[in-house]
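First up is the structure itself, then whatever we jot down about it.
Source: prediction; values computed, not measured.
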Amino acid sequence: MNNKKILVTAALLYVNGLPHLGHVVGCWLPADIFTRFHKSYGNDVVYVSGTDDHGTASYVSAKEAGMAPSDYIASMNAKMKEIAKTLCINFDIFSGTNTAVHKEVTTDFFNEIHKNGYTEEKCSQMLFCEHDHIALADRFVFGVCPYCGYDKAYGDQCDKCGKTYELDDLKAPKCSFCGKEAVKKETKHIYISLDKLQPQLQAWVESKKDVWRPHVYSMTNKWFKEGLKPRCITRDIPWGIEVPLAGFEGKVFYVWFDAPIGYISITKELGGDEMVKDRWQNDDCQIYNFIGKDNIDFHAVFFPSMQLACKKYNLATNVVGFNFLNFEGQKFSKSNHIGIFCDKLQNSSVDIDALRAYLVSIFPENKDSDFTYEGFKLNTNAELVGKYGNFFNRTLNMINKNFEGALGVDFDDIKASLDQNDNEMIDAISTCPNTIADLFAKTEFKAAYKEIMRFASIGNTYLEKTAPWTLIKNGNIDAAKKVLYLCLNMAKALAIVASPILPNKTAEIWTEQLNFEGSPSDAGLWQESTKICIAKNHKVNLPKPLFARLDDEAIQSLKNELA
RNA sequence: CGCGAGGUAGAGCAGCUCGGAAGCUCGCCGGGCUCAUAACCCGGAGGUCACAGGUUCAAAUCCUGUCCUCGCAACCA
């Protein structure tokens, strides 16, 4: 049996706000499903994530909240953990970048890059806010547009006339946080020499051509066409990881320099140097990064370049980039209150498994997609209730009503009497779980979900064709037992293959209705799903509906709860 | 010539990487079943796969051009 080592990372969420469904769909959920699948398949997988704690915005937010940055971060991190729990996102660890371990790993990472000769220093002019003690990036400055005179123009672009310009040209620049005057200062920064790394990086990207999703590959290649340039990795703000170099006192690393290193430091936090060695320095370990499309550049260009310069850690096997999720045709927006924000889910009546299933069905794997309540209702009723849940219900009902829960036959007993319908059923049981496994392993979640529902449909069609209720009525008891025995085996397989997406419902049906030990996601159980091997005297329990049908009223009350 | 994504049945989408008789869900029409949460199963109507060229024995799929739609300050995957 194969026992692959896999490390899964989900993008570190910016600590400065609570996640909405878009975040869930872009990284947490697919990574969770991927991890659950591999565990169930018997592979050795670790899932790490956390919060990205540094950067100007979180520093300012903490200040506004009247908290010390680390207190602010701790409280936000705790809230996110709760949300993840609600959504049944099963991290092995959910930490962040505001830890001693992270500081140590990042510092070492930088020292290696520096030692290997991939850094350079440059001086430039920057705007500062003396009141907030931070350097002001273009988007944190406003002033008077040199072209049209608009007085709320940004550092590099005017929203009114649309023109772009150099920061030098902006008149009367001010800090966008406090509104006070911004002053120009000479400052020195460290750059990473991406230009020197381009050949190696390009070779790596080329080797991923058939592995990555097309949009990830093409977005990455754009950088090569323009040619990589040295990129600044330090900032003049008082919040972050200090640059360990003489002459750079008071400066910290740019948030996007230290954030991806967080994957490594969080792994270390979980399992020490031993685990880092096992997952990041072991060629037999596959690394999967789950991210949204706005993060592709960082995971497919900058972080791998950093790794190539550092020479200590392996690069990702796959950078799984997702597109964006919209909400009822509009973009998610915190300020305009558009979308579903996950803190609302905690006290709502929404069925998390049903929500997970719907989200999978609309995963923006290849292009942006749209969440609609109507779609959620449809998926729940047509797929989960009508196809998936219904199959368990009909099968278990008949076994209970007619045979007191135990059929008293096994595969050997029915072998002699198999007809074409039975063989098609057996064929489905022995092949569908493998197809589904392949799709999960290839991160094709939508297709895997579709295949699971098709699998359930095969079961429903089989029941229709064989009509065991008629067989029983006509006294054809052996034939009815044969049909229901095969259905029962399919039910078991259906619980196993859907467990990565529906962890709660499949666990429930496994123990309470199918009356099996353990859980459908137990390691290595996946391989069992293709076998027809339920014991002769196995007794199942009376079923009860797995998923509740949603009517318009239920949808309306959900809308109210989640708005 | 800013960048990116997309245009496939009434609606929403898959298929396009690796060309080979147009698929899925819903809706609509007709039929079947009654074990099941009025669930399930079968059949049918409905598409010049945006348009125009090209390559090919064969194009939704590859190439070229055209038209149209959407996103691109900030929060933000």
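- Between the C1' atoms of B:U17 and B:C63, the separation comes to 16 Å (whole Å).
- For the pair A:Lys465 NZ and B:C41 P, the computed distance is 12 Å after rounding to whole Å.
- Rounded to a whole angstrom, the distance from the C1' atom of B:C24 to that of B:A14 is 7 Å.
- Between A:Phe298 and A:Phe302, the ring planes are tilted. Angles from 30° to 60° get that label.
- Looking at the side chain of A:Lys367, the nearest of the listed nucleotides B:A77, B:C3, B:C13 is B:C13.
- If you take CZ of A:Phe363 and P of B:C13, they are 17 Å apart, rounded to a whole angstrom.
- The separation between A:Trp223 atom CH2 and B:G4 atom P is 13 Å, rounded to whole Å.
- Checking B:G15, B:C41, B:C76 against the side-chain heavy atoms of A:Asn366 singles out B:G15 as nearest.
- Distance check on atom P: B:A58 versus B:G20 gives 15 Å, rounded to whole Å.
- Taking the P atoms as reference points, B:U8 lies 23 Å from B:A21, given to the whole Å.
- A:Tyr14 and A:Asp53 are not linked by any side-chain donor-acceptor pair at a separation below 3.5 angstrom, with hydrogens and angles left out of the test.
- When each of B:A5, B:A14, B:C42 is scored by its nearest atom to the side-chain atoms of A:Ser218, the top-ranked nucleotide is B:A5.
- The nearest whole Å value for the distance from the CG atom in A:Leu18 to the P atom in B:A77 is 12 Å.
- Following rounding to the nearest Å, A:Gln330 (CD) and B:A77 (P) show an atom-to-atom distance of 19 Å.
- Between the CG atom of A:Asp368 and the P atom of B:G4 there is a distance of 15 Å, rounded to whole Å.
- Residue contacts shown for A:Gly386 are limited to sugar-phosphate atoms, with no base heavy atom under 4.0 Å away.
- No more than 12 heavy atoms of other residues, nucleotides or ligands lie within 6.0 Å of NZ in A:Lys344, so this atom counts as exposed by the packing criterion.
- The environment of CD in A:Glu424 is crowded: more than 12 heavy-atom neighbours from other residues, nucleotides or ligands sit within 6.0 Å.
- Atom name C1', nucleotides B:C28 and B:G15: the rounded distance is 25 Å, in whole Å.
- Across all strands, A:His20 comes closer than 4.0 Å to base atoms (heavy-atom distances).
- A donor-acceptor pair shorter than 3.5 Å can be found between the side chains of A:Ser61 and A:Asn16.
- The separation of B:G23 from B:C76, taken at their P atoms, amounts to 45 Å, rounded to a whole angstrom.
- To the nearest whole angstrom, the two P atoms, one in B:G10 and one in B:C57, are 35 Å apart.
- Closest to the side chain of A:His23, from the set B:A77, B:C75, B:C3, is B:A77.
- RNA chain B is contacted by both A:Ser369 and A:Lys450; A:Ser369 maps to the nucleotide lying nearer its 5′ end (nearest heavy atom per residue).
- Minimum interatomic distance between A:Thr372 and A:Tyr358 (heavy atoms only, all atoms of both residues): N-OH, 3.2 Å.
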Once base and sugar-phosphate atoms are separated, protein heavy atoms under 4.0 Å mark nucleotides 26-38 of chain B, 5' to 3', with B, S and - as S-----BSSBBB-
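- Taking atom NZ on A:Lys446 and atom C1' on B:U25, their separation rounds to 12 Å, with Å as the unit.
- Taking atom NZ of A:Lys222 as the reference point, atom P of B:C72 lies 16 Å away to the nearest angstrom.
- OP1 or OP2 of B:C72 has at least one side-chain nitrogen or oxygen of A:Lys331 nearer than 4.0 Å.
- Going from the P atom of B:A50 to that of B:U56 covers 23 Å, rounded to whole Å.
- Side-chain contact of A:Asn379 with A:Tyr449: a donor-acceptor pair under 3.5 Å is present, judged by distance alone.
- A ring-ring contact (aromatic ring centres under 6.0 Å, His included) with A:Phe371 holds for exactly one of A:Phe363, A:Phe327, A:Phe332, A:Phe324; it is A:Phe327.
- Side-chain contact of A:Thr466 with A:Asn421: a donor-acceptor pair under 3.5 Å is absent, judged by distance alone.
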